[in-house]
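In what follows, a structure is listed as structure tokens, so that the remarks can point back to it.
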Amino acid sequence: MIVRDRRLRWPIMANLEAAVRGQRVSRVERRAKYLIIRLQGGALIVHLGMSGSLRLVGGRTAPKPHEHWDLVLDSGQVLRFHDPRRFGSLFWTQEEPGEHPLLKKLAPEPLSAAFSGAYLFRITRKRAVAIKQLIMNSQLVVGVGNIYASEALFRAGISPRRAARRLTRAEALKLTGAIKAVLKAAIKIGGTTLRDYVNADGLPGYFRQKLFVYERAGEHCRVCKTIVRQFTQGQRSTYWCAVCQH
DNA sequence: ATGGGCACCTGGCTGC
DNA sequence: TGCAGCCAGGTGCCCA
């Protein structure tokens, strides 16, 4: 492990290089938006934040700006982390990764059976918070970021401002279905590239072309031709169609 | 327990 | 051209 800049969202622990040295990678997993790289004696927990990326490069490739750390592999390659904004993070844990404070309280995965209409209906019952903010709460469901929150609500025909507790049972079912559908559809074509996102092979995601409302303020709704509107919720931009969503 | 607001950063774009 | 201002794919934490 080579760390060039420890200043990520949380400083990278001082002796992480020594802790990791010589260990074999046993398995790579994901929980919510955290990547878990299991080694023999523990695990690396990686988050890409908003601008982070990982690429496999040749071991002698000179690091460019914002390439903060390398996981040096015995294949001669290195797994290189790039993150201009430094909202990403890197932790080493010797306990079961799921027990780490950042992972311990995470809610069900959106594509799991546990994230059902019945579950969403139940957890929304006593909450006054707007439904868009609720589905972005990682203690209630993980993996729904700002793009897919707006998109799923559009697909479900539900206003992002609706108080969570005002959802009917049928709407809760419809919304869980919309979240699952939009995530599956986006994953299938490589995700959403807004500006510079590329995957590990350097290719962009093509879901941007399929967006109904996100970043389309002032444009015509693709269903009813009404002008798509934008406003702010919890310091994040929300996009919606006032005719298609209630 | 819930909800609102702030914080962490840099880069790119817009408009004067 | 230069520069100020604004915005951005996330999410933990503090406070009321």
Side-chain angles (χ1 to χ4, degrees), chain A residues 4-12 30-36 45-54 63-69 81-91 93 100-107 109-110 122-153 160-167 179 182-183 185-187 189-200 203-218 229-239:
Chain A
R4 284 175 289 271
D5 191 341
R6 314 195 89 82
R7 299 172 305 159
L8 299 187
R9 183 170 183 201
W10 292 277
I12 297 173
R30 175 196 60 75
R31 175 74 176 102
K33 293 181 184 173
Y34 294 93
L35 308 175
I36 299 166
I45 299 173
V46 180
H47 198 291
L48 302 177
M50 289 175 89
S51 58
S53 62
L54 286 168
K64 298 184 197 60
H66 312 301
E67 294 184 335
H68 307 309
W69 56 259
F81 178 79
H82 174 259
D83 185 10
R85 220 168 152 184
R86 288 193 279 115
F87 279 10
S89 53
L90 174 64
F91 289 93
T93 180
H100 189 277
L102 290 178
L103 306 192
K104 200 174 169 75
K105 285 158 64 180
L106 291 175
E109 292 287 332
R122 179 165 56 78
I123 63 171
T124 51
R125 286 313 77 196
K126 291 183 175 172
R127 293 183 176 256
V129 73
I131 187 62
K132 187 207 177 209
Q133 288 168 273
L134 183 137
I135 61 175
M136 292 179 69
N137 180 341
S138 65
Q139 293 190 28
L140 301 175
V141 58
V142 301
V144 184
N146 202 38
I147 297 173
Y148 303 121
S150 281
E151 291 298 308
L153 286 162
R161 291 188 225 251
R162 180 102 67 89
R165 65 184 175 206
R166 301 294 180 211
L167 261 66
I179 289 170
V182 75
L183 292 176
I187 290 165
I189 57 173
T192 305
T193 295
L194 297 177
R195 286 159 202 88
D196 52 11
Y197 164 76
V198 289
N199 69 14
L203 299 171
Y206 296 101
F207 198 72
R208 191 180 191 187
Q209 300 159 234
K210 311 269 187 186
L211 297 174
F212 282 95
V213 287
Y214 190 83
E215 275 204 334
R216 296 194 65 244
R229 296 199 277 161
Q230 174 182 16
F231 69 102
T232 300
Q233 287 180 295
Q235 296 87 234
R236 312 300 302 280
S237 268
T238 299
Y239 299 83

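Letters A, B, ... mirror the listed sequences (proteins, then strands); counts begin at 1.
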Identify, with sequence neighbours excluded, every residue that meets side-chain contact (heavy atoms from CB on, under 4.5 Å) alongside [X].
{"X": "A:Thr192", "result": "A:Ile147, A:Tyr148, A:Leu194, A:Phe207, A:Arg208, A:Leu211"}
{"X": "A:Met136", "result": "A:Lys132, A:Asn146, A:Ala149, A:Arg236"}
{"X": "A:His66", "result": "A:His68, A:His82, A:Pro84"}
{"X": "A:Tyr206", "result": "A:Ile189, A:Pro204, A:Gln209"}

Query - Interatomic distance where CD1 belongs to A:Ile131 and C1' belongs to B:dG3 [whole Å] - result: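 So the CD1-C1' distance, A:Ile131 to B:dG3, works out to 15 Å.
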Report task. Quickly work out the A:Arg236 CZ to B:dG3 P distance and round it to whole Å. Result ->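 Roughly 18 Å, once rounded to whole Å.
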For [X], answer base if it contacts any base atom (sugar-phosphate contacts may also be present), sugar-phosphate if it contacts only those atoms, and nothing otherwise; contact means non-hydrogen atoms under 4.0 Å.
{"X": "A:Lys33", "answer": "sugar-phosphate"}
{"X": "A:Tyr34", "answer": "sugar-phosphate"}
{"X": "A:Leu102", "answer": "sugar-phosphate"}
{"X": "A:Ile147", "answer": "sugar-phosphate"}
{"X": "A:Thr192", "answer": "base"}

Query - Strand-adjacent residues in residues 139-146 of chain A, judged by heavy atoms under 4.0 Å from DNA chain C - result: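 Hits under 4.0 Å, by residue number: A:Gly145, A:Asn146.
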Which residues pass the side chain to side chain donor-acceptor pair (under 3.5 Å) test with [X], not counting sequence neighbours?
{"X": "A:Arg125", "answer": "none"}
{"X": "A:Tyr214", "answer": "none"}
{"X": "A:Arg30", "answer": "A:Glu109"}
{"X": "A:Lys126", "answer": "none"}

Query raised in the report: Which pair of heavy atoms, one from A:Thr193 and one from A:Gly205, lies closest together, and at what distance?
Result: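 That would be OG1-N, 2.7 Å.
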Report task. Specify the closest pair of heavy atoms between A:Glu151 and A:Phe212, including all atoms of both residues, with the distance to one decimal. Result ->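 Minimum heavy-atom contact is OE1-N, 2.7 Å.
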Report task. Supply the atom-to-atom distance A:Ile45 CD1 to A:Ile36 CD1, rounded to the nearest 0.5 angstrom. Result ->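 So the gap between those two atoms works out to 6.0 Å.
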Report task. Name the first nucleotide and the last nucleotide along DNA chain C (5' to 3') that come under 4.0 Å of a heavy atom in chain A. Result ->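 So the contact region on DNA chain C extends C:dA8 to C:dG12.
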Query - 5'-most by nearest nucleotide on DNA chain B - A:Arg127 or A:Gly234 - result: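 Counting from the 5' end, the first nearest nucleotide belongs to A:Arg127.
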Query - Pairwise side-chain contact, A:Arg161 with A:Phe231, heavy-atom cut-off 4.5 Å (strictly under) - result: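 A:Arg161 vs A:Phe231: side chains touch.
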Query raised in the report: Can you find a heavy atom in the side chain of A:Asp83 that is under 4.5 Å from one in the side chain of A:Leu48?
Result: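 Counting from C-beta outward, A:Asp83 and A:Leu48 never come under 4.5 Å.
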Requested in this report: Let me have a per-nucleotide readout for nucleotides 7-12 of chain B, 5' to 3', with B, S or -, counting only protein heavy atoms under 4.0 Å.
Outcome: -BBBS-
Query raised in the report: DNA chain B in dot-bracket, Watson-Crick or G-U pairs under 3.5 Å, [ ] crossing, | other strand?
Result: .|||||||.|||||||
